[in-house]
Structures are given as C-alpha cells and as structure tokens.
Amino acid sequence: MPELPEVEMVVRGLRDDMVGRTFLNMRAEWAPQLGDTTPDAFAARLSGQKVEALWRRGKYVVFELTDDYLIIHLKMTGRLYIAREGEVYDADRFLRVVFGLDNGYELRFSDVRKFGRLYLVSDVEGVVGKLGPEPLDGDFTLEAFRARLGNRTRNIKALLLDQSFIAGVGNIYADEALWLAGIAPQRKADTLTAEEQERLYHAVRSVLNEGIAREGSSISWYRKPDGSAGSYQNFFKVYGREDEPCPRCGTPVLKLWIAQRGTHYCPHCQT
DNA sequence: CGGACAACCTGGCGGC
DNA sequence: TGCCGCCAGGTTGTCC
C-alpha cells in the first residue's frame with residue numbers, strides 16, 4: 001500500500017488527534033506483528049506514555065513518546081485511524097491492534113495481510129537508521145543524488161526501490177518517476193548521463209510532491225485516517241496502465257518484471 | 001555488491 | 001455460480 005506520500009498523509013491525518021494524548025492500554029490480535037515482544041510486555045511498556053510528536057521517516061510512522069518511540073510500518077495493507085470507543089468502522093474487519101487513549105478514543109491498526117510491523121524502542125535509529133535520505137528534504141540536493149548514484153551498477157528501478165538508497169519510494173512512484181524522467185527502468189544506474197541524473201532527481205521529487213498534493217494513491221486498501229481516498233491513482237501515467245497509450249507519445253505501455261516487481265514503462269520514450 | 005527467490009499473509013479479480 | 005491461479009503501494013533472509 002503506502003509509499004512516502006501515503007504515509008505522509010497518514011501522519012498528517014493523525015497528528016492533531018494524537019499529539020498530547022497518553023496511551024492507556026493496548027490489545028493485539030496478531031502477536032507476530034509485534035516482532036519478538038509479547039503483547040503483554042508491549043502493552044505494559046506503552047501504557048502511560050504520552051505522544052510528544054508524530055512524524056514520518058521513509059515509510060515508517062514514528063510516534064515520539066515520553067520515554068520511547070512507537071514505530072509502525074504499514075507494509076502493503078496497514079491502516080491507522082482514530083475511532084471513538086465502541087464505534088465500528090469498515091476497516092475493523094481486519095483489526096489487528098487497538099490502542100486505548102486517555103480521551104475515550106482509540107487508535108486502531110488494521111491490516112489485511114498482516115505484514116505490518118510495530119516497534120516500541122528507546123533507540124529510533126535501531127529501526128530507521130539504515131534508511132537513505134529523505135528525498136523531499138532540503139539537504140537532498142542534486143549533488144547528493146549524483147553522489148549516491150555514481151558507482152552503482154544495479155538497474156535504476158531496483159535502486160529506487162532500495163530504501164537504503166532513498167527512503168520512501170515504492171513501486172508506483174518509481175515507475176512514475178522513471179516515466180517522467182524518460183529513463184528506462186532496466187538502465188544501469190552508473191550509465192545515466194548527467195542530464196538524466198538531473199531529470200530523475202527532479203522527477204522523483206515531483207511525483208512524490210504530486211502524490212502528497214493528491215493525498216496519496218488509493219488503489220485498493222489505502223485510505224487516509226479519516227477513511228477518505230486519495231486521488232493520485234487518477235493521474236498515473238504508466239503504473240497499472242499496461243497496453244494503454246503512453247500519455248507522451250501514444251506507444252502502448254509495457255509491463256515487465258524488474259527486481260521481482262511489476263514494472264510499467266513506455267518502450268519508446270523511456271530510453 | 002547484486003540478482004533471484006522464498007517467506008510472511010489475505011482478498012479480489014479474471015478466466016474457465 | 002464456483003473454483004483456481006495469479007496478482008497486489010513491502011521488506012528480509014538466504015543462497016550463489
């Protein structure tokens with residue numbers, strides 16, 4: 001489900017309701033999502049901790065607490081939303097964890113595929129420390145991007161998906177960025193010209209910003225915390241558009257497998 | 001470093 | 001209608 005823009009919308013949608021709240025309790029229906037921690041231990045450690053801040057790092061949602069960090073990765077189908085105690089929502093069909101808050105509301109985590117992961121740690125870097133730079137941060141400059149690309153021999157699609165290379169880009173935004181930059185996904189990273197590097201740098205930031213402006217892509221499971229859908233899926237140029245004409249040149253969009261992921265691109269104007 | 005593949009899970013959809 | 005196989009916004013570990 002969620003890539004950087006979707007996770008950003010989740011964080012923005014929860015922030016006002018969550019900052020300042022204190023966790024009273026927690027109930028987990030599927031313990032494996034807590035890693036090695038038992039639900040009881042997780043709940044005991046979390047209870048009484050107040051949310052001081054809420055932010056995003058890559059695709060991770062980070063609740064900065066009194067003593068610890070509650071970190072949640074939504075993986076493919078995870079959702080976070082606020083509900084009044086006892087109130088029932090559609091997403092509750094796949095409810096996995098419920099956090100009781102000090103104001104009569106709950107933070108709920110639902111996740112169809114159970115891939116999502118929750119961490120409660122004192123050291124945030126232990127979870128997010130290996131992530132690459134935030135592509136929308138001011139210090140992620142063209143020069144920084146060039147330096148990271150320089151000697152990498154992998155194909156560019158695989159590299160964009162590598163979270164230690166850049167944090168937050170996933171399958172949709174990788175395909176869209178490569179289309180916008182006019183670069184074929186199977187190109188080896190170290191063969192990009194200076195001009196192509198620059199086009200890709202701007203394309204990555206552009207599609208992520210546009211994704212946020214459109215409030216994310218709601219293809220199947222992703223919804224904002226308030227339950228509404230994003231609209232960026234209506235603006236995809238190639239993702240999910242196999243056989244449809246390329247919006248730039250009319251050539252049918254191809255789908256193939258690169259880095260074990262379905263990859264969509266225009267074989268004519270992405271070179 | 002990098003590629004391939006299996007695992008972790010469940011639901012939706014297209015094909016027959 | 002029903003069943004089956006395939007596919008899915010992600011990551012991690014293993015093997016070569």
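Labels below follow one simple rule: chain letters A, B, ... track the order of the sequence lines, proteins then strands, and each chain is numbered from 1.
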Would you mind classifying the nucleic acid contact of [X] as base, sugar-phosphate or nothing, using non-hydrogen atoms under 4.0 angstrom?
| X | result |
| --- | --- |
| A:N155 | sugar-phosphate |
| A:S164 | nothing |
| A:R152 | sugar-phosphate |
| A:F94 | sugar-phosphate |

Would one find a side-chain N or O of [X] under 4.0 angstrom from OP1 or OP2 of [N]?
| X | N | result |
| --- | --- | --- |
| A:Q163 | C:dT11 | yes |
| A:K255 | C:dC6 | no |
| A:T153 | B:dG2 | yes |
| A:K75 | C:dT11 | no |
| A:K59 | C:dT11 | yes |

> Mapping A:W257 and A:H73 to their closest nucleotides on DNA chain C, which lands nearer the 5' end?
Replying inline: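 Upstream on the strand: A:W257.
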
> Ring centroid separation for A:F63 and A:W55, is it under 6.0 angstrom?
Replying inline: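 No, they do not, as the ring centres are separated by 6.0 Å or more.
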
> Are A:F109 and A:F99 near enough that their ring centres are under 6.0 Å apart?
Replying inline: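 Distance test on ring centres: not under 6.0 Å, no.
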
>> Less than 4.0 angstrom from a charged side-chain N to a carboxylate O is my criterion; do A:E6 and A:K224 meet it?
In response: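 So A:E6 does not pair with A:K224 through a salt bridge.
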
> Do A:R154 and A:D162 meet the salt-bridge criterion of a basic N to acidic O distance under 4.0 Å?
Replying inline: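 Counted as a salt bridge, because a side-chain N and a carboxylate O are separated by less than 4.0 Å.
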
> Would you call the rings of A:Y201 and A:F145 parallel, tilted or perpendicular, where under 30° means parallel and over 60° means perpendicular?
Replying inline: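 Correct class here is tilted.
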
> Just by distance, with hydrogens left out, do A:R84 and A:Y105 show a side-chain donor and acceptor under 3.5 Å apart?
Replying inline: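 Indeed, the side chains of A:R84 and A:Y105 share at least one donor-acceptor pair under 3.5 Å.
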
>> Using the side chain to side chain contact (heavy atoms under 4.5 Å, CB included) definition, which of the options A:I212, A:V207, A:I219 pairs with A:Y232?
In response: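 In the set A:I212, A:V207, A:I219, the residue that makes a side chain to side chain contact (heavy atoms under 4.5 Å, CB included) with A:Y232 is A:V207.
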
>> Defining pairs by Watson-Crick or G-U wobble geometry with both distances under 3.5 Å, how would you list the stems of DNA chain C with at least three pairs each?
In response: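 So far as stems of 3 or more pairs are concerned, DNA chain C shows B:2-8 with C:10-16, B:10-16 with C:2-8.
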
> What is the distance, rounded to the nearest whole Å, between atom CZ of A:R93 and atom C1' of B:dG11?
Replying inline: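 The distance from CZ of A:R93 to C1' of B:dG11 comes to 8 Å, rounded to the nearest Å.
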
> Just wondering, do A:F115 and C:dT11 stack (centres under 5.5 Å, planes under 30°)?
Replying inline: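 Not stacked by the 5.5 Å and 30° rule.
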
